[in-house]
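Have a look at the structure below before the remarks.
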Amino acid sequence: MRIPYVFLGAFLAIAQSAYAEVAPSPVLAPLKRQAQAAQLSAQFLSRYTYKPVPLDDALSAKIMDRFVKSLDPDRMLFLQTDVDKFMADRSEIDDAIEQKDLKIPFAIFNAYEQRVVDRMTYARSLLKQGFDFSAQENFSVLRDKAPWPQSEAESNELWRKRVKSDWLRLKLGGKTDAAIRETLDKRYENTLERVGKFKSDDVFQSFMDAYSTSIDPHTDYFGAAASADFNVSMKLSLFGIGAVLQERDDYTTIRELVPGGPAQLSGKLAVGDRITGVGQGKDGPIKEVVGTRLDEVVQMIRGKKDSIVRLDILPADAGADATHRVISLVRDKISLDKQAARKTVLAVKVGDATRKIGIITLPVFYEDFEAKGKGDKDYKSASRDVTKLLDELKEEKVDSVLMDLRNNGGGSLDEAIDLTGLFIGKGPVVQQRGSNGRVEVKSADLAEPVWTGPMGVLINRGSASASEIFAAAIQDYGRGVIVGEPSFGKGTVQTVVDLDEMVHNSKPEFGELKVTIAQFFRVNGGTTQLRGVTPDISLPGLSDPTAFGETSYDNALPWAEIKPANYAPSDTVAKLLPTLQSRHDARVGSDPDFQNLLKDIAELKAQREKGVISLNEAERRKEAAARESRLKARAEAGDGEDSGSDDGLEADERSLSADIALENARKKAKDVLLNEAAAILADEAVLQGDVLKAVTKQ
């Protein structure tokens with residue numbers, strides 16, 4: 001959530017709750033530069049996007065709807081009367097932006113803050129009493145389309161069930177009543193504290209998110225913080241100390257030390273240590289950061305390469321009054337290797353033979369645009385890293401390569417093209433149609449492929465954009481087998497526009513726009529827009545396609561088709577598909593891990609469709625016992641791991657060591673879908689080998 005400002009006097013008056021025991025949140029007001037940024041954004045978005053949308057009353061209504069939904073997606077906070085008052089100004093957003101007046105969205109946000117304070121205060125008051133868990137009642141967990149409460153009494157009843165649900169989860173997790181009260185009181189108090197830390201930029205970012213995504217689902221506004229995060233995600237590097245931080249009980253806590261980073265090499269920091277103050281340079285004053293927002297602490301710790309940052313440290317597990325120590329670290333370039341391409345090799349048995357499948361996992365199509373533009377020969381990019389991994393896999397004599405693009409949301413278009421070239425060499429990869437209707441064919445231009453052997457691509461609903469360009473090209477060329485779920489369905493191209501550069505502003509004030517400028521098409525003439533990439537061999541998935549994917553957006557571009565590009569497809573994979581499918585069907589039909597996964601997916605789907613959970617303790621214990629029995633039986637049969645029961649805690653409510661242990665256990669869990677994809681690739685390698693032998697004999 002982002003942040004706003006209060007204009008309650010003239011816009012929305014919310015009566016003080018009888019439960020109010022905390023100071024009201026600070027009133028946030030729009031800044032002059034924000035109003036200017038909104039107006040500049042409107043001028044650009046109204047004229048230069050792929051499908052320009054005029055800023056008028058109709059768009060105003062959409063912006064208002066999205067903004068309110070972003071603040072209260074589950075309709076648990078606002079009353080219907082609040083929403084009715086908001087909607088009285090539903091068609092005024094366009095005029096307000098043109099007049100550089102942002103009082104409307106800031107007033108709504110202030111109302112939101114007050115409602116959060118009111119509801120959390122009421123929730124905390126409920127903890128003083130107990131609950132009757134023998135009663136037969138349910139709590140709705142899917143409220144995005146439910147009506148807003150009509151009165152405070154109706155809202156109170158909704159929150160009574162919400163708190164009862166939170167309490168029951170902890171009770172089923174084995175917590176005592178006293179521990180439950182303490183845990184939930186702290187949880188709701190933390191929510192209040194987070195609301196109190198909202199700033200004007202948060203509100204503006206939230207409002208501009210609503211505006212930009214009303215143009216189309218993938219147009220975005222980047223304020224300073226969002227812009228910095230985007231740049232880091234593309235470069236996979238930053239300048240800092242090399243520590244993963246987490247906010248726990250008002251302390252900025254060391255969760256992980258990056259190997260080779262200044263923090264780890266110094267030997268002065270350990271996981272669990274708490275940062276209570278930050279100072280700049282050798283002698284700069286140390287500013288206390290207890291209770292400070294995590295993103296603000298992160299910005300204080302990051303800085304220029306070779307500069308000094310000083311940290312006031314409270315050692316892990318030490319009491320608040322324990323002796324602190326101050327350490328100095330020299331900032332350096334930190335590579336975010338967890339988001340970089342990585343490889344592993346799986347040995348898969350096919351009959352009496354064993355095939356080695358090289359797995360390359362690519363979380364994002366990254367490229368350091370800045371370093372590349374400066375002519376840095378060692379700039380970071382996905383295709384360059386994958387090239388090195390393919391060379392290593394060739395040395396390891398793997399039989400096939402699987403590109404794992406699950407949950408890869410995209411990135412650099414150039415990298416998608418270059419990565420495709422590693423497998424096809426030269427040839428068209430994607431067609432791009434601009435707003436003027438002109439179609440440009442973009443091609444890979446390698447003298448020869450880096451990998452010529454059997455290959456495949458593993459995708460899921462989270463594979464989007466650049467991932468879809470790559471997978472679609474591999475499929476259209478018949479270069480490899482596509483395995484998994486239908487992909488996201490994003491068939492549009494975006495570019496980043498610096499608003500300060502647009503108006504020749506000498507200092508960064510107005511932020512950036514990520515704007516849709518084109519639609520991309522497959523080389524076969526179709527598009528991945530809405531439909532995504534359909535796998536050659538389907539695997540099950542956990543996502544809900546109605547809530548996640550391009551089809552879930554009400555303003556997504558329609559599917560379209562253009563002329564195919566001039567390319568030369570192969571039918572090698574197509575001829576193998578019937579055999580690959582039959583072998584897959586036979587294998588998973590007798591694979592207990594795969595069948596258990598299907599049962600878990602069916603259970604999740606049933607829960608999702610049900611939309612409610614019981615608040616009856618006996619009923620819930622019966623459900624939990626049945627689930628535990630299934631998991632235990634699987635573990636005893638060697639068909640899975642007993643992952644433990646739900647403890648009802650949120651991540652920052654467990655001890656740091658327990659939370660890290662849980663995270664590591666999840667990472668080590670058997671990846672059923674990856675294993676089956678590797679088995680399909682092993683079959684492909686065998687079958688292609690058989691075809692090659694047959695051709696050689698002729």
Side-chain angles (χ1 to χ4, degrees), residues 1-31 34-35 38 60-97 101-125 143-144 146-159 162 188-211 213-214:
M1 257 317 331
R2 316 289 188 184
I3 81 187
Y5 131 117
V6 200
F7 205 71
L8 297 182
F11 186 87
L12 176 65
I14 293 183
Q16 288 296 311
S17 166
Y19 312 102
E21 301 171 358
V22 296
S25 297
V27 174
L28 297 169
L31 305 176
Q34 294 166 348
S60 291
K62 292 179 181 179
I63 296 170
M64 177 70 84
D65 292 344
R66 275 186 170 76
F67 185 52
V68 172
K69 183 177 181 179
S70 73
L71 297 175
D72 190 9
D74 297 320
R75 303 192 175 192
M76 293 281 296
L77 297 169
F78 292 131
L79 299 179
Q80 183 63 58
T81 52
D82 299 335
V83 177
D84 290 343
K85 289 176 181 176
F86 300 156
M87 295 308 163
D89 286 317
R90 195 164 179 254
S91 62
E92 302 300 320
I93 297 293
D94 55 334
D95 298 325
I97 290 176
D101 184 352
L102 299 180
K103 289 194 292 290
I104 292 175
F106 272 75
I108 293 173
F109 195 92
N110 284 326
Y112 157 76
E113 284 189 311
Q114 183 56 51
R115 282 300 181 207
V116 173
V117 170
D118 182 71
R119 293 300 81 196
M120 289 303 102
T121 305
Y122 177 66
R124 295 177 77 186
S125 76
R143 287 191 43 82
D144 57 313
W148 272 280
Q150 297 294 315
S151 64
E152 185 172 5
E154 191 175 320
S155 180
N156 286 349
E157 175 62 9
L158 186 61
W159 276 90
R162 165 67 185 273
Y188 304 148
E189 181 186 19
N190 286 342
T191 300
L192 286 170
E193 290 180 355
R194 283 194 292 272
V195 168
K197 294 175 183 178
F198 281 138
K199 295 188 175 180
S200 180
D201 281 338
D202 297 321
V203 183
F204 182 64
Q205 179 71 57
S206 187
F207 171 66
M208 290 303 293
D209 286 344
Y211 178 12
T213 55
S214 294

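Residues passing the side-chain hydrogen bond (donor to acceptor under 3.5 Å, both in side chains) test with S60 are D94, sequence neighbours excluded.
Q205 and D201 are not linked by any side-chain donor-acceptor pair at a separation below 3.5 angstrom, with hydrogens and angles left out of the test.
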Could you please spell out the steps behind the side-chain contact (heavy atoms from CB on, under 4.5 Å) verdict for Y112 and D72?
CA-CA 8 Å; Y112 157 76; D72 190 9; 5.6 Å; no
Please assess E154 against L158 for the test side-chain contact (heavy atoms from CB on, under 4.5 Å), listing each intermediate value before the final yes or no.
CA-CA 6 Å; E154 191 175 320; L158 186 61; over 6 Å; no
Residue pair T121, R124: steps toward the side-chain hydrogen bond (donor to acceptor under 3.5 Å, both in side chains) verdict:
CA-CA 5 Å; T121 305; R124 295 177 77 186; over 6 Å; no
Output, in order, the C-alpha distance, side-chain angles, deciding distance and verdict of side-chain contact (heavy atoms from CB on, under 4.5 Å) for L79 and S155.
CA-CA 7 Å; L79 299 179; S155 180; 3.8 Å; yes
Could you give me the CA-CA distance, side-chain angles and deciding distance for W148 and D82, then say whether side-chain hydrogen bond (donor to acceptor under 3.5 Å, both in side chains) is met?
CA-CA 9 Å; W148 272 280; D82 299 335; over 6 Å; no
Go through Q114 and D118 one step at a time and tell me if the side-chain hydrogen bond (donor to acceptor under 3.5 Å, both in side chains) criterion holds.
CA-CA 6 Å; Q114 183 56 51; D118 182 71; 5.4 Å; no
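Between V116 and L192, the closest heavy-atom pair is O-CD2, 4.1 Å. Residues Y211 and A38 come closest through the heavy atom pair CE2-O, 4.5 Å. P30 and S200 get closest at one heavy-atom pair: CA-OG, 4.1 Å. Among all heavy-atom pairs drawn from F78 and R115, the shortest one is CD2-CG, 4.0 Å. Here the shortest heavy-atom pairing between A29 and Q34 reads O-OE1, 4.5 Å.
Atom CD of E152 sits about 5.5 Å away from atom CZ of R119, to the nearest 0.5 Å. The structure places CE of M208 at 8.5 Å from CD1 of I63, a figure rounded to the nearest 0.5 Å. A distance of 8.0 Å separates CZ of R162 from CG of D74, quoted to the nearest 0.5 Å. Atom CE in M120 sits 13.0 Å away from atom CD in E193 (nearest 0.5 Å). Atom CZ in R90 sits 4.0 Å away from atom CG in D65 (nearest 0.5 Å). One finds the CG atom of D95 at 5.5 Å from the CD atom of E92 (value rounded to the nearest 0.5 Å).
Although no hydrogens or angles enter the test, the distance criterion places no donor-acceptor pair under 3.5 Å between the side chain of R194 and the main chain of F198. Judged by distance alone, the side chain of R66 and the main-chain N or O of A210 form no donor-acceptor pair under 3.5 Å. A donor-acceptor pair under 3.5 Å links the side-chain atoms of W159 to the main chain of M76, judged by distance alone.
Taking the centre of each ring, F86 and F67 stay at or above the 6.0 Å mark.
A salt bridge is absent between R75 and D144: the closest approach of a Lys/Arg side-chain nitrogen to an acidic carboxylate oxygen does not fall below 4.0 angstrom.
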